[in-house]
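First up is the structure itself, then whatever we jot down about it.
Position 1 is the first residue of the sequence, and the numbers go up from there. Because the structure is predicted, anything quoted here is derived from the model rather than measured. Worth knowing before you read on, the calculation uses all heavy atoms, side chains too, and leaves out hydrogens, waters and symmetry mates.
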Amino acid sequence: MEELKQVQERVLLFAAQKKNLKEEAAWESLDELEELVRTAGGEVVAKVLQRVDSINPGFYIGTGKVQELAQMIALHDLTGVISDDELSPVQMRNLSEALGVKVMDRTLVILDIFAQRARSKEGKLQVEMAQLKYQNSRLTGFGSMLSKQGGGIGTRGPGEKKLELDKRHIRTRMELLQAEIDNLEKHRQLLRSRRQKNSTPVIAIVGYTNAGKSTLLNALADSDIYAADQLFATLDPTTRAVNLPSGTEVLVTDTVGFIRKLPHHLVKAFYSTLEEAKYADIILHVVDASSEHLATHYEVVHETLKKLGITELPIVTVYNKIDQVDAHYLQDDLAVSHVEISAREKRNLEELLNLLETMLYEKMKPFKILIPYTQAELLAFCHAQGERLEEEYLNDGVLMSGYLHSDSFYRIQEYLVD
């Protein structure tokens, strides 16, 4: 890919909010957008919120506010403006022509960060697919902006050179990308089926971005996954083996962080990655207990899990960063259990592991069986599916005890002994 000149954008953030909604929520979202822009490498000079009766279909904000933005752009010598909501192609084109600078939205900023952070082949393919879907619907909006871009936010990643291609070429590229993503999905399904065959418990870590998910996985598995105090520090899912107190090995998977106003097509682009959580035995919902916006974070995480079809799995809320909390914080009422930890200081991790082990063994039943030597397949089945196994070789067979999932208990029923 051709290297692009890195440009630090000096930008103004803006949003329109209907008057019947809480103004505090709009400013909270703009503050988060500012953090996203900083993560992408930009500088936020000003933030503007307009309270409106209805969203302007042509400009998103009112025409008077557009003139005000133009004056601020000239005053502060800005290189672009960024909307907190996703703009339609018409709105993006009209604003670009009226303001004379690059016009972006929250989605474009998130895509830019994803393009910087994707490391795996699948992650890069998914980013490019998401970029192309976004660009395909906005070719008319981008057309007048191409001469104003010159690098910076929204121009990174494998998809930026596709801006000048027509929709036919973009669709062709998307078809090729989808074929590659489908092949990788088949490989992941094969790995998943092997795990299920081996009866290895799987625990998925989910949560709002920058809650400390990767730090927790590092602490549990004694690994060195990249973790930093920034939004979307890691994008690609990572799985590590973790030993529970009894010695049972489980697989713990860290997933991409959630964030408010994540567009549907972006969720869909990363669905195959997030889908790993669907096949977990337990969901660990990691929460930044020090955040001032816990109510919003809970809502976003639970709504995203619902979109992914994850509604029946047990959720353990892990209140992280308790070393930074001085007072009470808002609790997550939808969790079946919770633990307070500090992943950075490795505080209360043993309590978390004990809880996970208890929950996993709730689905299992203790057994004691005598397996005839002629039943080698049953012996192999118990080795693959059982936990905490103990065995003794006798004259008439193998005396085995341990734990087995209740759904599989029928396989050993006739060999049970007192």
Donor on one side chain, acceptor on other, D85 and S83, under 3.5 Å: no
Straight-line distance of H297 NE2 to E292 CD, nearest 0.5 Å: 10.0 Å
Centroid separation H285 to H338 less than 6.0 Å: no
D323 vs R347, salt bridge (Lys or Arg N to Asp or Glu O under 4.0 Å): CA-CA, chis, key distance, verdict: CA-CA 9 Å; D323 52 307; R347 189 193 303 179; 5.5 Å; no
Approximate separation, where rounding is to 0.5 Å, of Q324 CD and N320 CG: 8.0 Å
Smallest separation among heavy atoms of E86 and T107, with atom names: OE1-OG1, 2.9 Å
Charged N-O contact under 4.0 Å between E32 and R106: yes
Distance in Å, H302 NE2 paired with D333 CG, rounded so as to fall on 0.5 Å steps: 8.5 Å
Crowding at CG, N20 (>12 non-hydrogen neighbours, <6.0 Å): yes
Side-chain donor-acceptor contact under 3.5 Å, E391 with H383: yes
Minimum heavy-atom distance between D53 and K19, given as atom pair plus value: OD1-CD, 3.4 Å
Interatomic distance, L111 atom CG to Q135 atom CD [nearest 0.5 angstrom]: 8.0 Å
Minimal non-hydrogen separation, I61 against A16, with atom names: CG2-CB, 4.0 Å
Electrostatic pair K213:D254 at N-O distance under 4.0 angstrom: no
Modelled atom types, side-chain donor and acceptor of E340 and Y329, under 3.5 Å: yes
Parallel, tilted or perpendicular: rings of Y319 and Y298 (30°, 60°): perpendicular
Atom of A98, atom of F59 and distance for their closest heavy-atom approach: CB-CE2, 4.2 Å
D84 and S29 side chains, donor-acceptor separation under 3.5 Å: yes
Residues R240, T253; criterion side chain to side chain donor-acceptor pair (under 3.5 Å); working and verdict: CA-CA 7 Å; R240 293 289 184 270; T253 298; over 6 Å; no
Residue among V206, T317, L356 satisfying side chain to side chain contact (heavy atoms under 4.5 Å, CB included) with L284: L356
Pair T79, E9: side-chain N/O donor-acceptor within cut-off below 3.5 Å: yes
SB check E299 R260 (cutoff 4.0 Å): no
Proximity of Y361 and Y403 rings by center, below 6.0 Å: yes
E24 with K22: basic N within carboxylate O range, under 4.0 Å: no
Ion pair check, E35 and R38, cut-off under 4.0 Å: no
Under 3.5 Å: donor-acceptor pair, side chain of D105, backbone of L108: yes
Residue pair D31 / H293, side-chain donor-acceptor N/O under 3.5 Å: no
Closest contact, heavy atoms only, T248 versus E357: OG1-OE2, 4.3 Å
Check ion pair R173-E128 (N to O, under 4.0 angstrom): yes
